[in-house]
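Below: one structure, written as structure tokens.
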Amino acid sequence: MKITVEEAKGLLVYMEQNAGILRNVGFELLGHGRELADKLSAELSALVITGADGDQLARQAIAGGADKVYLIEGPEYGRFHTDAYTYATVELINEYKPQAVLFGATVDGRDFAPRVAARLETGLCADCTGVGVDEKTNLVIWTRPTFGGNIMAQILCPDRRPQMGTVRPKTFKKPPPDSSRAGQVIKFSLSLPPSANRVEFVREELPEGVVCNLEEAEYIVAGGRGLGAPENFKLIEDLADAIGGVVGASRAAVDAGWIEHLHQVGQSGKTVGPKIYIACGISGAIQHLAGMNSSDTIIAINKDPDAPIFRVADYGIVGNLFEILPALTKEIKKARQK
């Protein structure tokens with residue numbers, strides 16, 4: 001069923017949950033969605049799909065900025081699987097006809113958002129690093145990197161509804177919750193047909209070793225080409241351990257094979273927004289800055305005083321990182337022992 005431009009109203013944010021806990025990316029999108037909705041004089045709604053405790057999650061979404069929450073709840077939605085979530089989301093969108101839908105560019109969002117768009121016969125702008133409003137047309141402007149991150153493209157969807165996009169986590173700041181906000185909760189009941197319930201959960205196997213969750217990290221220590229060799233990432237790991245953070249990397253370090261891609265920060269990696277971001281031996285190419293410039297505090301360590309990273313850094317240290325990092329790690333450990 002096609003949704004016409006004339007009948008489509010309001011913005012909808014998909015609130016991703018895992019094990020009954022709403023992920024931060026949904027609240028980040030609600031915070032920015034509130035700004036977009038105000039510019040469009042539109043209602044801001046949230047979609048929560050969960051196996052249980054839906055009322056509690058709905059209240060959290062309202063506190064995060066939603067005017068209205070559509071709640072789809074049932075044991076069949078306890079674990080994410082593409083068929084069920086795609087079917088439920090398409091049915092809800094066809095019923096309430098939003099003009100735009102925002103998903104997080106997470107593993108789940110990247111999985112089922114394209115399926116939703118295809119069934120609705122509309123477009124999807126994937127992996128966005130910005131979302132705005134065109135004042136002349138009131139269309140949503142989706143911004144994403146293209147041509148290897150060298151160009152930022154602005155994409156419009158003038159003829160189909162809803163306008164849809166997936167947005168990288170940490171692109172926007174999560175607003176503080178406001179428990180005094182009031183909103184409406186609409187429970188949307190539907191039974192899954194066999195075609196939407198083809199997956200059987202067998203077991204869960206977690207990866208061995210340390211899991212790098214850059215998007216949720218509050219402290220990140222990142223290394224770049226200036227480290228010179230893969231074994232020197234041990235200096236980054238030691239400092240990250242000392243401050244209770246995780247290890248990040250520039251594209252140059254990843255392309256050199258010094259560290260896995262899951263650690264990459266930037267337009268072709270993860271977008272992050274930690275409390276503290278320490279960039280070590282990273283010059284500060286525009287592609288890297290786009291992935292971390294929303295960090296609360298940026299500390300740069302580089303031997304080149306003219307490195308672009310210093311233009312965005314709150315604190316800068318010009319010097320040899322092979323001398324600075326061990327000394328910094330030692331002092332932090334000493335301070336934490338007191």
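Worth saying up front: this structure is predicted, and the values here are computed from it rather than measured. Worth knowing before you read on, the calculation uses all heavy atoms, side chains too, and leaves out hydrogens, waters and symmetry mates.
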Same apolar cluster (I L V M F W Y, side chains within < 4.5 Å links), Phe80/Leu190: yes
In short, Cys157 meets Gly123 closest at the heavy-atom pair SG-N, 4.3 Å
Shared ILVMFWY cluster between Leu214 and Ile282, side chains joined below 4.5 angstrom? yes
Output the distance between atom CG (Asp67) and atom CD (Gln184), rounded to the nearest 0.5 Å. 10.0 Å
Indicate the atoms forming the closest heavy-atom contact of Val185 with Ala58, along with that distance. CG2-CB, 3.9 Å
May I ask you to check whether Glu76 and Asn197 show a side-chain donor-acceptor distance below 3.5 Å? no
Does the side chain of Val272 reach to within under 4.5 Å of the side chain of Pro274, using non-hydrogen atoms? yes
Under 4.5 Å between side-chain heavy atoms, counting indirect links through other Ile/Leu/Val/Met/Phe/Trp/Tyr residues: same cluster for Leu71 and Tyr87 or not? no
In this structure, CD of Gln163 is separated from CD1 of Ile155 (nearest 0.5 Å) by 12.5 Å
Stepwise side-chain contact (heavy atoms from CB on, under 4.5 Å) test for Glu28 and Val13: CA-CA 10 Å; Glu28 295 162 10; Val13 171; over 6 Å; no
What pairs of donor and acceptor atoms, side-chain ones from residues 310-322 against any protein atom, are under 3.5 angstrom apart with sequence neighbours left out?
from   : atom 1 : to     : atom 2 : distance (Å)
Asp314 : OD2    : Ile298 : N      : 2.8
Asn320 : OD1    : Phe322 : N      : 2.8

Between Ser295 and Met292 the two heavy atoms that sit nearest each other are OG-O, 2.7 Å
Surrounding CD of Glu260 (heavy atoms of other residues, nucleotides or ligands, distance under 6.0 Å), is the total greater than 12? no
State, with a plain yes or no, whether a side-chain heavy atom of Val5 is found less than 4.5 Å away from one of Asp159. no
For Ala66 against Ala46, the heavy-atom pair lying closest together: CB-CB, 4.0 Å
Rounded distance [0.5 Å steps], SG in Cys128 versus CG in Leu102: 8.0 Å
Residue pair Ala88 / Ile49: nearest heavy atoms and the distance that separates them: CB-CD1, 4.4 Å
Less than 4.0 Å between a side-chain N and a carboxylate O, is that true for Glu43 and Lys9? no
Minimum heavy-atom separation for Ile236 and Gly223, please, with both atom names. CD1-CA, 4.0 Å
Testing Leu328, Leu235, Ile243, Val247 one by one against Val221 for a side-chain contact (heavy atoms from CB on, under 4.5 Å), which residue passes? Ile243
Between Val48 and Tyr14, is there shared hydrophobic-cluster membership here, with clusters defined by ILVMFWY side-chain heavy atoms closer than 4.5 Å? no
Check whether any side-chain heavy atom of Ser195 sits under 4.5 Å from a side-chain heavy atom of Asp83, and report yes or no. no
Please confirm whether the ring centroid of Phe188 lies under 6.0 Å from the ring centroid of Tyr70. no
Flag for Glu16-Thr106: side-chain donor and acceptor within less than 3.5 Å: yes
Can you tell whether the side chains of Lys275 and Asp296 come within less than 4.0 Å, N to carboxylate O? no
Take Leu29 and Val167 through the test side-chain contact (heavy atoms from CB on, under 4.5 Å) and record every step on the way to the result. CA-CA 8 Å; Leu29 294 180; Val167 183; 3.7 Å; yes
I would like to know whether Asp38 and Arg34 meet salt bridge (charged side-chain N to carboxylate O under 4.0 Å, His left out); could you show each step before the answer? CA-CA 6 Å; Asp38 291 344; Arg34 181 74 272 160; 3.2 Å; yes
Taking the inter-plane angle between the rings of His288 and Tyr277 on a 0 to 90° scale, is it parallel (under 30°), tilted (30 to 60°) or perpendicular (over 60°)? tilted
Taking the side chain as everything from C-beta on, heavy atoms only, tell me whether Ile3 gets closer than 4.5 Å to Pro162. yes
Should the pair Lys2-Glu121 be classified as a salt bridge under the 4.0 Å nitrogen-to-oxygen rule? yes
Joint hydrophobic cluster, Leu36 plus Leu139, side-chain heavy atoms closer than 4.5 Å: no
Within the structure provided, determine whether Thr271 and Glu215 are in side-chain contact (heavy-atom separation under 4.5 Å). no
Are side-chain heavy atoms of Ser283 and Ile309 found at a separation under 4.5 Å? no
Would Val131 and Val140 satisfy side-chain contact (heavy atoms from CB on, under 4.5 Å), going step by step from the backbone distance to the final call? CA-CA 7 Å; Val131 186; Val140 176; 3.6 Å; yes
First locate atom NZ of Lys97, then atom CG of Leu12, and finally report the distance between them rounded to the nearest 0.5 Å. 13.5 Å
More than 12 foreign heavy atoms under 6.0 Å from CD of Glu7: is that the case here? yes
Restricting to ring-ring contact (aromatic ring centres under 6.0 Å, His included), what partner residues turn up for Phe172, sequence neighbours left out? His32
To the nearest 0.5 Å, what is the distance between CD1 on Ile278 and CD1 on Ile299? 4.5 Å
Does any N or O in the side chain of Asp53 come within less than 3.5 Å of the main-chain N or O of Gln56, such that one atom is a donor and the other an acceptor? no
From CA spacing to verdict: salt bridge (charged side-chain N to carboxylate O under 4.0 Å, His left out), Glu135, Lys39: CA-CA 9 Å; Glu135 294 181 358; Lys39 289 181 181 179; over 6 Å; no
Main-chain N/O of Ser294 paired to Lys173 side chain as donor or acceptor, under 3.5 Å: yes
Taking atom NZ of Lys303 as the centre, report whether more than 12 heavy atoms of other residues, nucleotides or ligands fall under 6.0 Å from it. no
Start with the C-alpha gap between Met15 and Leu47, add the side-chain angles, then the distance that decides, and say whether side-chain contact (heavy atoms from CB on, under 4.5 Å) holds. CA-CA 6 Å; Met15 303 294 292; Leu47 169 59; over 6 Å; no
For a 4.5 angstrom cut-off between non-hydrogen side-chain atoms, does Pro98 reach Leu11? no
Which pairs count as salt bridge (Lys or Arg N to Asp or Glu O under 4.0 Å) when at least one residue sits in residues 103-117, sequence neighbours excluded? Arg110-Asp127, Asp111-Arg115
Could you tell me whether the side chain of Arg336 and the main chain of Ala242 form a donor-acceptor pair under 3.5 Å? yes
Between Thr143 and Ile141, is any pair of side-chain heavy atoms under 4.5 Å apart? yes
Charged N to carboxylate O below 4.0 Å: is that the case for Glu237 and Lys234? no
Rounded to the nearest 0.5 Å, the CG atom of Leu120 sits from the CG atom of Leu124 at a distance of 10.5 Å
For Arg198, is the CZ atom crowded, meaning more than 12 foreign heavy atoms sit under 6.0 Å from it? no
